[in-house]
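Just below is one structure, and these are the notes that go with it.
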Amino acid sequence: MTFELNTLNLAGAAREKCDALLVLLADPFKPGKDVLSALVEQTVKAGDLEIKPAKPDQPLIIYRPAGLACSRAVLASIGDGSAKQVRKAVTAAVLAVKADKVKKLVICFASLPQEDAIRAAMTAAADASYVFTTTKSKPEGRVMQRVLLGLPDSLKFKAVFEQTAAAVLGIELAKEWANRPANHATPALLAGAARALTKFPRIKCKVLGPKEVARLGMGAFMAVAQGSGQPLRFIVLHYNGAAKSVPPTVLVGKGITFDSGGISIKPAAEMNEMKFDMSGAASVLGVFRALVELKPAINVVGLIPSCENLPDGRAVKPGDVVTSMSGQTIEILNTDAEGRLVLCDALTYAERFKPRAVIDIATLTGACMIALGGVRSGLFSDDDKLAMALAAAGESASDFCWRLPLDEDYAEGLKTSFADVANLAGRMGGAITAAKFLQRFAGKCSWAHLDIAGTAWKSGVAKGATGRPVALLLEYLLASAK
Ligand code: BES
Ligand code: MN
Ligand code: ZN
């Protein structure tokens, strides 16, 4: 999908040739002396369109409107013009014309919007028109190819426009990899996707296999991988936008390409959704894709421990004790708590970069879905500054998260007589006890953990990856460059 930005008032929008012209109408609507304004006034008067109260999810479609250059005009009210209303309106409008062959969409704001409303319009248009084609035999690709954003004053919004266009490229790369079934997204294929990013300047990539990982002593990661015929990969990505001496931010993405639970096997229903268990890894790839577009003066390292979690004669068993790269021994009480096992060794590996911050991103716990649903990702950090920066980035990018606690009392349940730590505590506070486990391996680094189990994909009819939290992470990284 390509985005363009242009200065357009309503008179200009009326002259714009396109398959669909979406006009976003905030309240109050101030009509001009053009045909489009007249059309809006007529429809309101006739009771076909309501601006107050706003009904963003009920767009009015007008075919071949007289005096307008577009094939269809889509009128939608957006009330106070907030990001939420704009997202609703654009999503509903794009879905409403999805069956028509709308190749070029013009989105026109009738009055000057806020920055977050522009982001919402662009990401919602991309989201609603996205189609996954990789595993279809006769792919019917995306119909909507071009979106022109028309604003009363486009120059003012150039920066946010460019950032969002780059974010969309990243979000779509993350969706592509997260949506792929496990047989089309093995650890080796994921490593290939990371390597493919080296075609862009400033990107370096190193991929470690089983031998190198064994040499590093990543016993926890290896234990998860040992039940699968697919060899593990440890992916190391670098984005070098600043001098070598500038400490990087390290992003660690959980890359379980399929999570059956292992010997502690999951129930059959919905097990297929565990192909999404590498969404954290996919979001790291997405962030790097956006970085190469925007070229900020920062350094970023991406670490992806990737493997399958399967039951097998060679698989790790409940009760097994393994030694992590940090030297800490771990009693694996439940082989389905595998995310923390692959992440802990990656967190230890991260120390060598002397990072300014380490952020891990993982579809880690069902408990986090129960706590926060699909609206906000879980945020954990023992560094208030880092937590606040990530929370703020989530708000500006409309990719929301919510901080949960890390009191030491939550670590009680991880105690065991047979190792330094167990990989499982009781059922209560499961998202937090998982975070407490990870915290032990973050060492002296400033560390945060995003549990995206509820936000990385949608179940049901609209099943699919969301590309979250690419927008949040990108916003955080760009703000750190200022
Ligand atoms: N990948 C899952 C977490 C998950 C489950 C994400 C469902 C989204 C939907 C993770 O590896 C897992 O299995 N976690 C267990 C941990 C438990 C055994 C302590 C869980 O949440 O049930
Ligand atoms: Mn699991
Ligand atoms: Zn998992």
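Residue indices begin at 1 and follow the sequence shown. Indexing begins at 1, ligand by ligand and atom by atom, following the structure's order.
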Is [X] salt-bridged to [Y], going by a charged N under 4.0 Å from an acidic O?
X: Arg376; Y: Glu395; answer: yes
X: Asp312; Y: Arg314; answer: yes
X: Lys254; Y: Asp277; answer: yes
X: Lys436; Y: Glu412; answer: no
X: Lys317; Y: Asp320; answer: yes
X: Glu176; Y: Arg289; answer: no

Parallel, tilted or perpendicular: ring planes of His238 versus Phe353, cut at 30 and 60 degrees: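 Rings of His238 and Phe353: perpendicular, over 60°.
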Mutual orientation of the aromatic rings belonging to His449 and Trp447 [parallel < 30°, tilted 30-60°, perpendicular > 60°]: parallel
Closest protein heavy atom (residue, atom, distance) for [atom]:
atom: atom 14 (N) of ligand 1; value: Leu364 O, 3.4 Å
atom: atom 9 (C) of ligand 1; value: Met369 SD, 3.3 Å
atom: atom 1 (N) of ligand 1; value: Asp277 OD1, 2.9 Å
atom: atom 17 (C) of ligand 1; value: Leu424 CD1, 4.2 Å
atom: atom 20 (C) of ligand 1; value: Gly366 N, 3.8 Å

Numbering as shown, the atoms of ligand 1 that approach [X] to under 4.0 Å (heavy-atom distance):
X: Ala453; result: 6 (C), 8 (C)
X: Glu338; result: 11 (O)
X: Lys254; result: 1 (N), 10 (C), 11 (O)
X: Arg340; result: 16 (C), 19 (C)
X: Thr363; result: 1 (N), 2 (C), 3 (C)
X: Met274; result: 1 (N), 4 (C), 5 (C), 6 (C), 7 (C), 8 (C), 9 (C)

Where the Zn ion (ligand 3) is the vertex, angle from Glu338 OE2 to Lys254 NZ to 10°: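 That angle is 90°.
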Geometry at the Zn ion (ligand 3) - Asp259 OD2 versus Asp277 OD2 angle, rounded to 10 degrees: 90°
Atom of Asp259 nearest the Mn ion (ligand 2) (restricted to N/O/S, atom name only): OD2
The Zn ion (ligand 3) to nearest N/O/S of Ala362 below 2.8 Å: no
Identified side chain to side chain contact (heavy atoms under 4.5 Å, CB included) partner of Pro469 from the options Asp399, Val287, Ile359: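 So, applying the side chain to side chain contact (heavy atoms under 4.5 Å, CB included) to Pro469 and each of Asp399, Val287, Ile359, only Asp399 qualifies.
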Glu338 N/O/S atom closer than 2.8 Å to the Mn ion (ligand 2): yes
Exam field: side chain Asp80 to backbone Ser82, donor-acceptor pair closer than 3.5 Å: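 Looks like yes, one N/O pair under 3.5 Å.
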